[in-house]
Chemist: 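Before I ask anything, let me first share the structure, which is written out below as structure tokens.
Note that the structure is a prediction, hence the values are computed from the model and not measured.
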Amino acid sequence: MRLLLITVLMLLGTLSHASDTIIRLATTTSTYNSGLLDAILPTFEKAHDVQVQVIAVGTGKALKMGEAGDVDLVMTHAPGAEKAFVDAGFGVEPTGLMYNDFVLIGPSADPAGITAESDVAKAMASIANTDSLFISRGDDSGTHKKERALWRDAQVLPDFSHYKEVGQGMGKVLQMADELNAYTLTDRGTWLAYESRLRLVVLVEGDKRLFNPYQVILVNPVRHQGLNTAGARALRDWLISAQGQQLIGDFTVNGKGLFTASANQ
């Protein structure tokens with residue numbers, strides 16, 4: 001597993017410097033947990049005779065790694081944080097790649113009474129007002145940033161007694177929420193990848209505020225020496241190519257598409 005390999009390397013402090021044959025990609029746990037990268041990257045690696053080292057962390061951590069020059073490019077899903085990253089000169093050539101949406105999931109008994117609510121902010125307020133159990137990633141990921149924005153839209157400070165921040169990736173949070181019969185916010189791709197293993201159900205979807213776009217951004221080579229910028233650019237170009245976009249659009253789990261390729265939109 002790519003994540004296990006990189007985690008071991010990081011723990012040992014031996015994450016290699018970039019070379020012509022290694023491209024270091026920091027990305028979100030949502031893209032990793034969905035299975036997308038394991039499905040599509042071997043095609044690129046074989047064609048270009050390179051290895052893509054995938055480091056799956058939350059968007060906040062991925063951008064921090066880009067700031068430090070620890071990776072060659074990032075693939076993230078938090079437009080505001082990405083704009084700040086580029087505006088500050090840490091990243092260059094931001095490129096839209098794909099999108100899906102977030103969904104609010106929870107127990108089918110729905111103690112907060114949000115089933116079929118079309119306004120996600122009202123649903124979030126109902127969860128808080130009924131002091132229902134809500135599991136937050138709490139890790140400054142793109143999903144956590146979206147969740148905090150939705151609490152602001154709901155004019156709710158998420159400090160009710162059954163609000164829990166756990167500092168975990170999307171897959172782990174889905175498992176915890178299922179075990180505890182709790183509500184949580186998830187990207188649809190990870191939800192579809194885990195849906196068959198969980199008892200929770202989708203309760204709120206379709207609000208335009210739940211739109212979830214992904215970008216790839218090169219780490220600024222002016223700021224750091226030793227980056228494999230040529231490799232990063234080649235990977236970015238392949239991801240937005242006709243072949244890359246086709247593979248992204250064709251990726252399914254249990255017959256359901258997880259992402260909509262959007263580089264040309």
Side-chain angles (χ1 to χ4, degrees), residues 3 6 24-37 54-68 70-71 73-88 90-91 94-105 120-121 124 134-154 158 163 165-177 183-194 202 204-205 207-219 236 239 248 251 258-263:
L3 179 58
I6 300 307
R24 302 167 302 172
L25 167 65
T27 188
T28 72
T29 62
S30 58
T31 53
Y32 181 80
N33 289 151
S34 71
L36 173 70
L37 298 179
V54 177
I55 303 158
V57 292
T59 285
K61 291 181 180 177
L63 295 177
K64 287 293 184 184
M65 294 187 76
E67 289 182 19
D70 291 333
V71 293
L73 75 165
V74 299
M75 179 192 297
T76 51
H77 65 141
E82 291 155 6
K83 183 178 185 303
F85 179 74
V86 173
D87 287 349
F90 296 117
T95 306
L97 178 65
M98 60 191 185
Y99 67 85
N100 60 13
D101 62 351
F102 292 100
V103 291
L104 190 56
I105 66 171
V120 66
M124 300 286 279
F134 187 98
I135 303 296
S136 168
R137 287 185 56 171
D139 62 349
D140 199 34
S141 62
T143 304
H144 186 213
K145 292 176 185 295
K146 172 62 73 174
E147 179 211 311
R148 287 184 296 193
L150 294 175
W151 288 123
R152 288 194 294 272
D153 287 348
Y163 177 80
E165 291 190 342
V166 297
Q168 297 288 335
M170 196 69 258
K172 184 65 176 178
V173 166
L174 287 175
Q175 293 172 334
M176 293 176 67
Y183 295 94
T184 194
L185 182 73
T186 177
D187 68 287
R188 190 181 293 274
T190 311
W191 163 252
L192 291 174
Y194 280 71
V202 173
V204 178
E205 59 186 330
D207 189 313
K208 64 181 181 181
R209 287 171 289 191
L210 295 172
F211 182 61
N212 183 27
Y214 289 81
Q215 288 193 103
V216 282
I217 307 172
L218 306 187
V219 174
R236 185 277 313 276
L239 288 167
I248 290 171
F251 178 66
L258 273 61
F259 300 95
T260 298
S262 60

Chemist: Give me the ring orientation class for Tyr163 and Trp151: parallel if the planes are under 30° apart, tilted from 30 to 60°, perpendicular past 60°.
Modeler: perpendicular
Chemist: Are any of the side-chain heavy atoms of Met170 and Asp187 separated by less than 4.5 Å?
Modeler: yes
Chemist: Quick check for you: to the nearest 0.5 Å, what is the distance between Trp191 atom CH2 and Asn33 atom CG?
Modeler: 14.0 Å
Chemist: Hey, what do you get for CG (Leu258) to CG (Leu192), rounding to the nearest 0.5 Å?
Modeler: 5.0 Å
Chemist: Checking Met65 against Arg24 for the side-chain contact (heavy atoms from CB on, under 4.5 Å) test, could you report, in this order, the C-alpha distance in whole Å, the side-chain angles of both residues, the deciding distance, and whether it holds?
Modeler: CA-CA 10 Å; Met65 294 187 76; Arg24 302 167 302 172; over 6 Å; no
Chemist: Please tell me if the side chains of Phe134 and Leu104 come closer than 4.5 Å, counting only heavy atoms from C-beta onward.
Modeler: yes
Chemist: Among Leu174, Thr186, Val173, which residue satisfies the side-chain contact (heavy atoms from CB on, under 4.5 Å) criterion with Tyr194?
Modeler: Leu174
Chemist: Looking at Lys61, I want to see if its NZ is surrounded by more than 12 non-hydrogen atoms of other residues, nucleotides or ligands under 6.0 Å.
Modeler: no
Chemist: Is the side chain of Glu147 donor-acceptor paired with the backbone N or O of Thr143 at a distance under 3.5 Å, no angle test?
Modeler: no
Chemist: Would a 4.5 Å heavy-atom cut-off, applied to side chains only, mark Arg137 and Thr29 as touching?
Modeler: yes
Chemist: How far apart are the C-alpha atoms of Arg148 and Asp140, what are their side-chain angles, what is the distance that settles it, and do they pass the salt bridge (Lys or Arg N to Asp or Glu O under 4.0 Å) test?
Modeler: CA-CA 10 Å; Arg148 287 184 296 193; Asp140 199 34; 2.9 Å; yes
Chemist: Kindly indicate whether the side chain of Val166, heavy atoms from C-beta on, has any atom under 4.5 Å from the side chain of Met176.
Modeler: yes
Chemist: Write down the atom of Ala78, the atom of Gly142, and the distance for their closest heavy-atom approach.
Modeler: CB-CA, 4.1 Å
Chemist: Write down the atom of Gly66, the atom of Val219, and the distance for their closest heavy-atom approach.
Modeler: O-CG1, 3.4 Å
Chemist: Quick one, Tyr183 and Ile135 - any side-chain contact, counting heavy atoms below 4.5 Å?
Modeler: no
Chemist: Rounded to the nearest 0.5 Å, what separation is found between the CZ atom of Phe211 and the NE2 atom of His77?
Modeler: 12.5 Å
Chemist: Locate the shortest heavy-atom distance separating Leu63 from Phe85; write the atom from each residue and the value.
Modeler: O-CE1, 3.3 Å
Chemist: According to the interplanar angle, ranging from 0 to 90°, do the rings of Tyr214 and Phe259 count as parallel (below 30°), tilted (30 to 60°) or perpendicular (above 60°)?
Modeler: perpendicular
Chemist: To the closest 0.5 Å, what do you measure between CD (Gln215) and OH (Tyr99)?
Modeler: 15.0 Å
Chemist: Using a 3.5 Å distance criterion without hydrogens, assess whether the side chain of Asp101 forms a donor-acceptor pair with backbone atoms of Leu210.
Modeler: no
Chemist: Specify the closest pair of heavy atoms between Ala154 and Met124, including all atoms of both residues, with the distance to one decimal.
Modeler: CB-CB, 4.2 Å
Chemist: Looking only at non-hydrogen atoms, find the nearest pair between Ala81 and Lys145 and report the distance.
Modeler: CB-CE, 3.8 Å
Chemist: At their closest point, which heavy atom of Val54 faces which heavy atom of Thr27, and how far apart are they?
Modeler: CG1-CG2, 3.8 Å
Chemist: Per the side-chain contact (heavy atoms from CB on, under 4.5 Å) rule, which among Thr76, Thr31, Ile217, Ile248 passes with Leu97?
Modeler: Ile248
Chemist: A side-chain contact here means heavy atoms from C-beta on lying under 4.5 Å apart; do Met75 and Thr28 qualify?
Modeler: no
Chemist: Would you indicate whether the side-chain heavy atoms of Pro213 and Pro79 approach each other to under 4.5 Å?
Modeler: yes
Chemist: State whether the side chain of Thr184 and the backbone N or O of Ala177 hold a donor-acceptor pair below 3.5 Å, judged by distance alone.
Modeler: no
Chemist: For Gly138, does its backbone N or O pair with a side-chain atom of Ser136 as donor and acceptor, under 3.5 Å?
Modeler: yes
Chemist: Ignoring hydrogens and angles, tell me if any N or O in the side chain of Ser141 forms a donor-acceptor pair with the backbone of Gly58 under 3.5 Å.
Modeler: no
Chemist: Step by step, work out the side-chain hydrogen bond (donor to acceptor under 3.5 Å, both in side chains) result for Asn100 and Asn212.
Modeler: CA-CA 5 Å; Asn100 60 13; Asn212 183 27; 2.7 Å; yes
Chemist: Is the backbone N or O of Gly167 less than 3.5 Å from a side-chain atom of Lys172, with the two atoms forming a donor-acceptor pair by type?
Modeler: no
Chemist: Step by step, work out the side-chain contact (heavy atoms from CB on, under 4.5 Å) result for Leu185 and Leu150.
Modeler: CA-CA 10 Å; Leu185 182 73; Leu150 294 175; 4.1 Å; yes
